[in-house]
Amino acid sequence: MRQKPTVLAREIVARSRLFAVEELQLRFSNGVERTYERLVGKGQGYGAVMVIAMLDAEHAVLVEEYCAGVDEYQLSLPKGLVEPGEDILDAANRELKEEAGYGARQLEYITELSLSPGYMSQRIQVVLARDLYEETLPGDEPEPMGVDKISLRELSSLAQNAQFSEGRALAALYLVRDLLTQRGEFQP
């Protein structure tokens, strides 16, 4: 197993309302020293959740929201921050209600994903939600989100959709499709 680099110094060099930029001075096991920067969140605990909510055995819920990073409306999965002291599954159900207008009677933790581990510390917990029912909670979104659906059979075409570009969401959908296929719960 490789030895992690030694942290010689760390300093927050910039802050925003949501993030901080941390500069790390590192020494690797071969003696080489480098300066790295990474984006760190202000959240604690598990950070965030992403929900694959199954309307039936084939279709997952998508939401449409304005994404400031790419300055356009995009389709993705319901997701959001885990509140302090909140369980991952409870957070997933709350976000599903806030963003898509559904609650789930059955929630299952799937895995943890990162977006860009070379530059960001954030991770997101992927949760499968089934046995949905209609329920809406007020959220922190500035406008109502659009709600759509995708067939697990059409994931390759979703990847070609100009309105869908989030790699984590696509990876989560493929992971759930493969898991349900392995369990015999979905026939591709």
Side-chain angles (χ1 to χ4, degrees), residues 4-5 7-26 34-53 60-104 107 109-129 135-148 150 158-159 161-173 175:
K4 286 180 20 177
V7 177
L8 303 174
R10 69 176 64 216
E11 176 185 1
I12 301 297
V13 295
R15 287 188 190 277
S16 77
R17 183 175 53 85
L18 297 175
F19 303 103
V21 177
E22 182 179 50
E23 182 179 271
L24 297 171
Q25 301 289 333
L26 302 174
R34 288 283 190 277
T35 300
Y36 281 73
E37 289 182 348
R38 67 181 184 164
L39 191 62
V40 293
K42 291 186 176 182
Q44 298 177 357
Y46 293 107
V49 292
M50 176 177 283
V51 186
I52 297 89
V61 172
L62 294 177
V63 292
E64 180 187 43
E65 68 177 319
Y66 176 75
C67 298
V70 293
D71 188 28
E72 58 189 41
Y73 283 88
Q74 290 270 299
L75 292 168
S76 189
L77 295 170
K79 60 188 168 301
L81 295 176
V82 177
E83 300 291 335
E86 189 175 37
D87 174 80
I88 292 171
L89 299 181
D90 291 336
N93 211 18
R94 176 184 49 76
E95 287 294 338
L96 182 60
K97 292 173 184 179
E98 290 176 3
E99 295 189 359
Y102 290 102
L107 296 152
Y109 174 79
I110 301 299
T111 193
E112 177 180 84
L113 297 173
S114 64
L115 182 59
S116 180
Y119 296 98
M120 300 173 74
S121 65
Q122 291 84 1
R123 298 171 188 262
I124 198 160
Q125 310 303 316
V126 178
V127 174
L128 173 61
E135 183 176 340
T136 302
L137 285 177
D140 57 2
E141 292 74 24
E143 63 183 355
M145 293 183 154
V147 179
D148 204 344
I150 183 69
L158 182 63
N161 184 333
Q163 199 182 2
F164 185 94
S165 66
E166 186 172 6
R168 297 178 304 179
L170 189 60
L173 285 163
L175 287 168

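Treat the numbers as computed from the prediction; the structure is a model and nothing was measured.
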Rounded to the nearest 0.5 Å, the CG atom of L75 sits from the CD1 atom of I150 at a distance of 8.5 Å
What pair of heavy atoms forms the shortest contact from G103 to L96, and how long is it?
C-CD2, 4.2 Å
Value for OH (Y102) from CD (E135), rounded to nearest 0.5 Å, stands at 13.0 Å
Can you name the side-chain hydrogen bond (donor to acceptor under 3.5 Å, both in side chains) partners of D140, sequence neighbours left out?
none
Taking side-chain hydrogen bond (donor to acceptor under 3.5 Å, both in side chains) as the test, write out the residues that go with E64, two or more places apart.
Q163
Between A104 and N93, the two heavy atoms sitting closest are N-OD1, 2.8 Å
Using side-chain heavy atoms (C-beta onward) and a distance below 4.5 Å, is I124 in contact with L115?
no
Partners passing side-chain hydrogen bond (donor to acceptor under 3.5 Å, both in side chains) against E98 (at least two apart in sequence or in another chain):
R94
Does any non-hydrogen side-chain atom of V63 lie less than 4.5 Å from one of L77?
no
Value for CG (L89) from CD (Q125), rounded to nearest 0.5 Å, stands at 10.0 Å
Taken in chain and number order and not counting sequence neighbours, the residues that satisfy side-chain contact (heavy atoms from CB on, under 4.5 Å) with S165 are Q74
V126 side chain near Y109 side chain, heavy-atom distance below 4.5 Å
no
What's the shortest heavy-atom distance between Q25 and T35, and which atoms?
OE1-OG1, 2.8 Å
For the atom pair CZ (R15) and CD (E22), what is the distance rounded to the nearest 0.5 Å?
10.0 Å
In chain order, what residues pass the salt bridge (charged side-chain N to carboxylate O under 4.0 Å, His left out) check against E166, with sequence neighbours excluded?
K79, R168
Nearest-0.5 Å distance that lies between atom CG in L24 and atom CG in L8
10.0 Å
For E143, side-chain hydrogen bond (donor to acceptor under 3.5 Å, both in side chains) partners two or more places apart
Y73
Worked verdict on I12 versus V21 for side chain to side chain contact (heavy atoms under 4.5 Å, CB included)
CA-CA 6 Å; I12 301 297; V21 177; over 6 Å; no
Those residues that, when tested against E23, pass salt bridge (charged side-chain N to carboxylate O under 4.0 Å, His left out) (two or more places apart):
none
For the residue pair L170 and A159, what are the closest heavy atoms and their distance?
CD2-CB, 3.6 Å
Can you name the side-chain contact (heavy atoms from CB on, under 4.5 Å) partners of L175, sequence neighbours left out?
T111, L113
For the residue pair A100 and V61, what are the closest heavy atoms and their distance?
CB-CG1, 3.8 Å
Go through the structure and list residues passing side-chain contact (heavy atoms from CB on, under 4.5 Å) with L128, not counting sequence neighbours.
I52, M54, E108, I110, R130, V176, L180
Counting only heavy atoms not in Y119 (residues, nucleotides, ligands), do more than 12 fall under 6.0 Å from its OH?
no
My understanding is that only one of L158, N161, V147 makes a side-chain contact (heavy atoms from CB on, under 4.5 Å) with L62; could you say which?
L158
Can you give me the closest heavy-atom contact between F164 and S76, atom names plus distance?
CE1-CA, 4.0 Å
